[in-house]
Structures are given as C-alpha cells and as structure tokens.
Amino acid sequence: VFGLSSVAQVVLGRGEFGQHLSINLAFGIGVTLGIHAAGGISGAHLNAAITITHCILGNLPWRKLPAYLIGQFLGSFTAAATVFGLYYDALYDYTKGNFTVTGPTATASIFSTYPAPYVSLLEGFFTEFIATVMLLLGILVIHDEKNYGALKGTQALLTGILVLGIGLGMGMNSGYAINPSRDLPPRVFTAIAGWGMDVFRVGPHWWWVPLTAPILGSLAGVLIHKLFIDIHNQPVPESGDEKGQPVVETS
C-alpha cells in the first residue's frame, strides 16, 4: 500500500506531489513495517523468490510453500485494489476514464513494473537479476551473526534501507520488482480493473521477467554469499587469537 500509493501520487500528481526518491522511500518504509508485522509469525516471508529459495535450500518445507504464496498474492492484490479505490477519482481525472498501459496518460505502471522504452528484454532481465542478487546479499549480511551482523532489533529498518538503496541505484530500467509477489498480483488486478490483457503483452510480454529473474537472482545471491563470505567466516578452534583481532605474520 505504501509503495503503490506513492507511485500513484507521483504519476497522478504530475510530479507535484513527490519524485523518484519518495517512491523509493515509501517502498522502504513498507518493507520495514511488513517485516515488523510478519517477522514473528512467518519470518516475514514477503517475497516469493526468497520463499522459493528457502524451500530449495531445505530451510522451509515445500508443503508450506502454497500457503505462503497465496498469502503473498492476496496481500499484494488487496494492496492494489486499495490504492485503486484510494485514487480512483484521480485516475479518472488523469486518464479521462481511459486506462492504458502505454501512451502519454499510461497508468498501469502505478501497480506493476514495465521496462523503459529503451530497455531490451535481456537488459531488463539482467537488471532484475542483479537487483535481487543485491537484495539477498544485503539480507544475508544483515542477519549474519557470525560476521558483523546488525544489532538486534534493527534488521527490519536496515532491510528497508537496503530496498531504498536498490531503488535509488537500480530503478531506472524497469522499476526494480525484485519480488514476484509484488509484481504479478497487481498486474492481475489491473487486467481485471480496466487495463485489459495489454498488461501481459507490453514489454514485449514483460510479465514473466519479474517472476523468473528474481528467483534466479535470489539463488545466485545465496551462492555468492556462501562462496565469498560465509565459508571464510568460520571460527578457527586451533587458533588462540580472538576473532576480529589482527594476527602478526612472520617470515
């Protein structure tokens, strides 16, 4: 709700009620509050790519996957419907009742991601892949108690700041979905609410990229963290040196 409504305010307000920064801040705030709301219940499974990754790694039973995905889908779908109701009059005034995916008064991008006109499908896929790699690396680093992990109680805030950083640096090409649960349900809602099946055709057929690229990026992020951080961060029992203290080497 925070994220989509901020995009609606920027688009429908024609830049007078916010800019790119306000969108990224709103999504960061939404993620932070979402983690606080669901952290103690499910571990804050807000992202289908991360949930699927946990299942593949054996950290989450596959039998729980359908319930988690349904919850994510319903939450995001309901958010899109809420923002649609909140800004219906503004949408109608802005578009004169003609809801379109492309063109000078396009509004479908309020709800889901679409590539910029200059971005190829391959470039868009790579953008979503890398952005999700950075998301997973950031999350794993924040929660890495064997390393320099975040202070207890600050993880949600830092994850929100992480999403803010991704948006500030990687949002230009495709709007940084980095989460199938954030992109597909609102896209389905717009198809029902008046934008039609063009929401699945434009891009061309961009809709599958925010579904697949984040999953692959999530798996790659876990692999990179394991290879370049985690396996080098094990305590050495044989050494008398405390972790974090310098060791003098002699030749």
Side-chain angles (χ1 to χ4, degrees), residues 1-11 17-54 59 68 71-80 82-83 86 109-113 127-145 147-186 210 213-215 217-218 220-222 224-225 229:
V1 171
F2 279 103
L4 299 186
S5 61
S6 69
V7 181
Q9 186 164 279
V10 170
V11 173
F17 296 92
Q19 300 292 335
H20 182 65
L21 175 60
S22 61
I23 295 173
N24 296 316
L25 284 170
F27 271 107
I29 292 169
V31 168
T32 298
L33 295 177
I35 293 172
H36 278 296
I41 299 170
S42 68
H45 278 264
L46 311 178
N47 188 325
I50 298 177
T51 301
I52 291 171
T53 297
H54 277 296
N59 299 329
Y68 279 39
Q72 292 163 5
F73 186 100
L74 291 177
S76 193
F77 187 91
T78 304
T82 300
V83 173
L86 182 68
S109 60
I110 291 174
F111 300 92
S112 296
T113 63
T127 300
E128 290 294 336
F129 175 83
I130 293 297
T132 315
V133 167
M134 299 310 298
L135 175 67
L136 260 292
L137 280 174
I139 290 173
L140 291 172
V141 167
I142 289 170
H143 291 85
D144 191 352
E145 296 182 356
N147 197 352
Y148 201 65
L151 295 175
K152 185 177 180 180
T154 65
Q155 294 92 341
L157 176 61
L158 289 173
T159 304
I161 294 174
L162 169 64
V163 172
L164 168 63
I166 291 172
L168 290 175
M170 306 178 200
M172 186 173 73
N173 284 348
S174 60
Y176 75 109
I178 60 175
N179 180 359
S181 309
R182 170 262 178 276
D183 194 82
L184 180 62
I215 295 173
S218 179
V222 171
I224 292 170
H225 179 267
I229 298 177

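What you see below is based on every heavy atom in this structure, not just the backbone, and it leaves out hydrogens, waters and symmetry mates.
- Summarising the geometry, atom CG belonging to L168 is positioned 7.5 Å from atom OH belonging to Y176; distances are rounded to the nearest 0.5 Å.
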message: Evaluate V7 against S109 for side chain to side chain contact (heavy atoms under 4.5 Å, CB included), listing each step before the verdict.
response: CA-CA 8 Å; V7 181; S109 60; 5.5 Å; no
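- Contact record, G34 with L46: C-CD1, 3.9 Å, taken as the closest heavy-atom pair.
- In this structure, L137 CG and I142 CD1 are separated by 11.0 Å, a value rounded to the nearest 0.5 Å.
- Here the closest non-hydrogen pair linking P185 and P180 is CD-O, 3.7 Å.
- For E128 (side chain) and A177 (main-chain N/O), a donor-acceptor pair under 3.5 Å exists by modelled atom type.
- Between L25 and L164 there is a side-chain heavy-atom pair separated by less than 4.5 Å.
- Summarising the geometry of Q19 relative to S22, their closest heavy-atom pair is O-OG, 2.6 Å, with the distance given to 0.1 Å.
- T53 approaches S218 most closely through the heavy-atom pair OG1-OG, 2.7 Å.
- In this structure, F2 places its CZ atom where only 12 or fewer heavy-atom neighbours from other residues, nucleotides or ligands lie under 6.0 Å away.
- Residue S174 comes nearest to T127 through the heavy atom pair OG-CG2, 4.0 Å, listed as atom of the first residue, atom of the second, then distance.
- Between the side chain of T32 and the backbone N or O of G28 there is at least one donor-acceptor pair closer than 3.5 Å.
- I50 places a side-chain heavy atom less than 4.5 Å from the side chain of I139.
- Counting heavy atoms from C-beta outward, H225 and D144 have side chains that approach closer than 4.5 Å.
- Note that CG of L162 and CD1 of I166 are 4.5 Å apart. Values are rounded to the nearest 0.5 Å.
- Here the side chains of L135 and N179 are not in contact, with every heavy-atom distance at 4.5 Å or above.
- Side-chain contact check for I178 versus P210: every heavy-atom pair is 4.5 Å or farther apart.
- Within the 4.5 Å cutoff, the side chain of T113 has heavy atoms near those of the R182 side chain.
- The backbone N or O of H45 lies less than 3.5 Å from a partner atom in the side chain of Q72, making a donor-acceptor pair.
- Taken to the nearest 0.5 Å, the OG atom of S112 stands 4.5 Å off from the CG atom of D183.
- Closest of all the heavy-atom pairs between V83 and A8 is CG1-CB, 4.1 Å.
- Heavy atoms of other residues, nucleotides or ligands lying less than 6.0 angstrom from CE of M170 number more than 12.
- With hydrogens and angles disregarded, no donor-acceptor distance shorter than 3.5 Å links the side chain of S181 to the backbone of N47.
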